[in-house]
Engineer: 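What follows is a structure written as structure tokens; I'll ask about it next.
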Amino acid sequence: MIVSVHIADVGVRAVRSVLRARPRPGATPGLRYAETTLTGAIAAGPPKVRPGRAALLASWDDDAALDRFLAEDPLARLLAGGWHVRLRPLRFSGSWGPMPVEIGPGAAQDEEDGPVAVLTLGQLRLRRALPFLRANSRAAGRAAADPSMTASVALARPPRFVGTFSLWQSASAMQRYAYGSAQPEHQEAIRNHQEQPLHHEAGFLRCRPYGARGRLDGHEPVTEAGLTPRIP
């Protein structure tokens, strides 16, 4: 199993086309899960939607399935002017029924201190939307200010799907943000969710980036995180 994240500036009118074109497992060979989303900034304060920018989050049997999608699917052509990254799952916590996560047998050996990507996935409890936004604002503000995070995007598909993608220079830097005593906002958000769940279901996936194509805001984030990405 591999995961891919695709982010592209498609224009305000085309965002709806991306949302409608969400691929379906069974109809797309080798696809296990897909979500097309609006995007925004990970930052303190109210949600900041990025007009005209859309994203695709997907999991696949293997690289061959993703390559086939990129070569043949109309949605891939819509997103082709942006950036995509390929991710190999290392660790998963929580639950995410729509996307059963398989951790490969070599994941433990691969989890040395190197660049990592983190995906958070949530099905929001609508009555808990305001507490979620408050907790998210505090944690996101700290993350955005961390120089070890080389790329990030907030993901949303109303009314319930919310998520984030972030890329970090090292696992240790990500862990300092998530669990360090100097930055308690993230831990506070976790405690609040445990005491009064913000989501019907939530999952947290850590991955190793290993391939990328294109540019995001004029940069190649995987290279800036310290890897030379293999372009499959």
Side-chain angles (χ1 to χ4, degrees), residues 3-7 35 37-50 53-57 82-85 87 89-94 96 111 113-124 128-157 161-195 197-199 202-209 212 215-227:
V3 175
S4 65
V5 177
H6 311 247
I7 304 168
E35 193 72 81
T37 75
L38 305 172
T39 70
I42 292 181
K48 298 176 176 65
V49 176
R50 177 77 177 251
R53 176 171 285 187
L56 165 68
L57 164 65
W83 176 74
H84 87 257
V85 61
L87 308 169
L90 296 175
R91 181 178 295 186
F92 180 76
S93 61
W96 194 249
E111 206 173 356
D113 192 23
V116 294
V118 177
L119 283 162
T120 69
L121 309 164
Q123 285 286 346
L124 182 63
R128 298 281 290 151
L130 287 179
F132 165 75
L133 291 173
R134 285 196 293 266
N136 185 69
S137 173
R138 292 190 292 269
R142 283 291 191 178
D146 195 313
S148 299
M149 189 173 69
T150 65
S152 65
V153 63
L155 309 169
R157 186 182 178 100
F161 176 79
V162 291
T164 63
F165 165 79
S166 58
L167 183 63
W168 298 79
Q169 292 175 348
S170 66
S172 58
M174 180 274 295
Q175 290 169 334
R176 280 195 300 272
Y177 156 72
Y179 307 113
S181 59
Q183 300 188 41
E185 290 82 2
H186 183 263
Q187 294 181 70
E188 181 182 345
I190 293 173
R191 283 195 300 271
N192 289 341
H193 172 67
Q194 291 171 339
E195 293 169 1
L198 302 171
H199 304 290
F204 306 87
L205 179 61
R206 186 188 304 180
C207 300
R208 178 77 67 211
R215 298 179 77 79
L216 181 65
D217 296 325
H219 304 280
E220 204 312 286
V222 175
T223 301
E224 293 180 358
L227 284 179

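The basis for the numbers below is simple: all heavy atoms, side chains too, and nothing from hydrogens, waters or symmetry mates.
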Engineer: Which value, rounded to the nearest 0.5 Å, describes the distance between His219 atom NE2 and Thr150 atom OG1?
Structural biologist: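 Going from the NE2 atom of His219 to the OG1 atom of Thr150 covers 10.5 Å.
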
Engineer: Is any side-chain heavy atom of Gln123 less than 4.5 Å from a side-chain heavy atom of Trp96?
Structural biologist: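 With C-beta onward as the side chain, the pair touches.
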
Engineer: Under the side chain to side chain donor-acceptor pair (under 3.5 Å) test, which residues partner Glu35, sequence neighbours left out?
Structural biologist: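 Glu35 satisfies side chain to side chain donor-acceptor pair (under 3.5 Å) with Arg22 only.
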
Engineer: How long is the straight-line distance from CZ of Phe161 back to CG of Leu124, given to the nearest 0.5 Å?
Structural biologist: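 Between Leu124 CG and Phe161 CZ, I get 11.5 Å after rounding to 0.5 Å.
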
Engineer: Roughly how far apart are Met149 CE and Met174 CE, rounded to 0.5 Å?
Structural biologist: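 Those atoms lie 12.5 Å apart.
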
Engineer: Could you tell me which non-hydrogen atom of Ala151 sits nearest to which non-hydrogen atom of Leu216, and how far apart they are?
Structural biologist: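 Taking every non-hydrogen atom into account, CB-CD2, 4.3 Å.
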
Engineer: Any side-chain to backbone donor/acceptor pair from Arg208 onto Pro115? Under 3.5 Å, distance only.
Structural biologist: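 Yes.
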
Engineer: Rounded to the nearest 0.5 Å, how far does CZ of Arg206 lie from CH2 of Trp168?
Structural biologist: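 Going from CH2 on Trp168 over to CZ on Arg206, the span is 11.5 Å.
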
Engineer: Please tell me if the side chains of Pro209 and Leu87 come closer than 4.5 Å, counting only heavy atoms from C-beta onward.
Structural biologist: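 A side-chain contact under 4.5 Å exists here.
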
Engineer: State the OG-CG distance between Ser152 and Leu167, to the nearest 0.5 angstrom.
Structural biologist: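 Reported value, rounded in 0.5 Å steps: 9.5 Å.
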
Engineer: Taking the side chain as every heavy atom from C-beta outward, state whether Arg53 and Asp217 have any atom pair closer than 4.5 Å.
Structural biologist: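 Touching, per the 4.5 Å side-chain cut-off.
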
Engineer: Using a 4.5 Å cut-off on heavy atoms from C-beta on, say whether the side chain of Leu57 contacts that of Phe165.
Structural biologist: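 Side chain of Phe165 against side chain of Leu57, heavy atoms only: no contact under 4.5 Å found.
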
Engineer: With a 4.5 Å cut-off on side-chain heavy atoms, are Trp83 and Val222 touching?
Structural biologist: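 Side chain of Val222 against side chain of Trp83, heavy atoms only: contact under 4.5 Å found.
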
Engineer: For the side chain to side chain contact (heavy atoms under 4.5 Å, CB included) test, which of Thr120, Leu119, Val118, Val153 pairs with Thr164?
Structural biologist: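 It is Thr120; the other options fail the test.
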
Engineer: Write down the atom of Ala144, the atom of Ala43, and the distance for their closest heavy-atom approach.
Structural biologist: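 Taking Ala144 first and Ala43 second, the nearest heavy atoms are CB-CA, 4.3 Å.
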
Engineer: I need the minimum non-hydrogen distance between Pro147 and Gln169, along with the two atoms involved.
Structural biologist: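 Looking at all heavy atoms of both residues, the shortest contact is O-NE2, 3.9 Å.
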
Engineer: What distance separates Leu38 CG from Leu155 CG, expressed to the nearest 0.5 Å?
Structural biologist: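 Reported to 0.5 Å precision, the distance equals 9.5 Å.
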
